[in-house]
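Report on the structure given below.
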Amino acid sequence: MDRRKIILDCDPGHDDAVAIMLAAREPSLELLGVMVVAGNQTLENTQRNARNVLQWIGADVPVYAGCSGPMVRDKVIAGDIHGSTGLDGPVFPPLHKELEPEHAVQFLIRTLLDSQGDITVVTTGPMTNLAMALRLEPRITEKIARIVLMGGSITNGNVTPAAEFNILADAEAASVCFRSGRPITMVGLDVTRKALCYPEIVERMGRIGNPVSELFVALMDHFCKTQKAIFGWEGGPLHDPVTIASLIDPQLLTLKPMNVQIDIRSAQSYGRTNCDFYGYLRLPPTADVAVDIDVPRFWDIVERGLRRYSEEQA
Ligand code: BDR
Ligand code: CA
């Protein structure tokens, strides 16, 4: 089987952690590296969290630390949702997995330039690293097979009425990426807010009974509590793994091509992904935007992904 090559750029983050779990053992994907950026927490925290998760799940995937703050605006974090470590809940054993010495942006440039143009870049945090790489070495642009991002929303935001966290946290970076001309799949709140991790889902995954499903349960216990406190939902939306699940199963999402522009100018709507759903602007589409998700199919993918850790590694 041809494995699709991916690089995951993330800011763990409870839902980022689940994205890592799904990507690292998926036979149809080849996870070339995990890049980390400041987002849900400081870079110091997010890079440690990525290493903790990869060590826990026993995945031999290199971790590269990237940018410690956005390109232009001041840093924002999401401590209310993910806690003071960025991954509150589980107790991790002593950390031995090391960080790679190379900067994530350099890793991305080097790997894309050396590639056959067959690497998909998945971002589940602010898009700073990718935008910086595009600015530093424009020759990588043609080498990106596709950008798949969790971010944005056709409708409402989750930090302001207009903006979703990953885009708001570095809207200028998102704007650079959306204007790159490369194929983009935008997995926004319109679909990820349907992937609510209700208590029965946590129980279902817990019944798998391997160390990775135990980590899933410990993560979701914290995540769902904070989501309930802030948004009043009984289950936390598992945003980031929807990106990986959509690569595993191309039938998962309903996509609609649209012209998408990032608002980097207005005061109220800064960070909004303006999605021209009805084609008012008569401009060419710039992204395939997720408009619907098959939710039972998603949870089946998550369950299958966690069960893979009960099997011998191929
Ligand atoms: C996004 O923001 C972060 O808090 C999550 O990890 C996810 O990537 C959802 O808006
Ligand atoms: Ca994230």
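Numbering of ligands and ligand atoms starts at 1, following listing order.
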Which residue holds the protein heavy atom closest to atom 8 (O) of ligand 1, what is that atom called, and what is the gap in Å? Asp240 OD1, 2.6 Å
Can you tell whether the side chains of Asp288 and Arg146 come within less than 4.0 Å, N to carboxylate O? yes
Would you mind listing which atoms of ligand 1 come within a distance below 4.0 Å of any non-hydrogen atom of Asn158? 9 (C), 10 (O)
Who gets closest to atom 3 (C) of ligand 1 by heavy atom: Asn40, Val159, Asp16? Asn40
Look at atom CD of Glu200 and say whether more than 12 heavy atoms of other residues, nucleotides or ligands are closer to it than 6.0 Å. yes
Excluding waters, which protein N, O or S atoms are within less than 3.0 Å of the Ca ion (ligand 2)? Asp11 OD1, Asp16 OD1, Asp16 OD2, Thr124 O, Asp240 OD2
According to the interplanar angle, ranging from 0 to 90°, do the rings of Phe223 and His14 count as parallel (below 30°), tilted (30 to 60°) or perpendicular (above 60°)? parallel
Are the side chain of Arg308 and the backbone of Glu303 linked by a donor-acceptor contact shorter than 3.5 Å? no
For ligand 1, which atoms have a heavy atom of Asn166 less than 4.0 angstrom away? 1 (C), 2 (O), 7 (C), 8 (O)
Atom indices of ligand 1, in the order listed, that fall short of 4.0 Å to a heavy atom of Asp15: 5 (C), 6 (O), 7 (C), 8 (O)
Tell me whether the NZ or CZ atom of Arg73 lies within the 45° cone about the ring axis of Tyr270 and under 6.0 Å from its centre. no
Salt bridge or not between Glu142 and Arg182? Use side-chain N to carboxylate O under 4.0 Å. yes
Hey, are Asp263 and Ser269 close enough side-chain-wise for a donor-acceptor pair under 3.5 Å? no
Does Lys228, at its NZ atom, have more than 12 non-hydrogen atoms belonging to other residues, nucleotides or ligands within less than 6.0 Å? no
In terms of heavy-atom contacts, does CG of Asp60 have more than 12 from other residues, nucleotides or ligands at under 6.0 Å? no
Could you tell me, atom by atom, which parts of ligand 1 come under 4.0 Å of a heavy atom of Met150? 1 (C), 7 (C), 8 (O), 9 (C)
Of the protein's non-hydrogen atoms, which lies at the shortest distance from atom 2 (O) of ligand 1, and what is that distance? Phe165 CD2, 3.4 Å
Looking only at protein heavy atoms, which one is nearest to atom 10 (O) of ligand 1, and how far off is it? Glu164 OE2, 2.4 Å
Short list, please: which atoms of ligand 1 are under 4.0 Å from a heavy atom of His239? 9 (C)
For Asn129, the option from Asp9, Asp170, Thr123 that meets side-chain hydrogen bond (donor to acceptor under 3.5 Å, both in side chains): Asp9
Under a 4.0 Å heavy-atom limit, does Thr124 contact ligand 1 with its side chain, its backbone, both, or neither? backbone
Glu311, CD atom: more than 12 neighbouring heavy atoms under 6.0 Å: yes
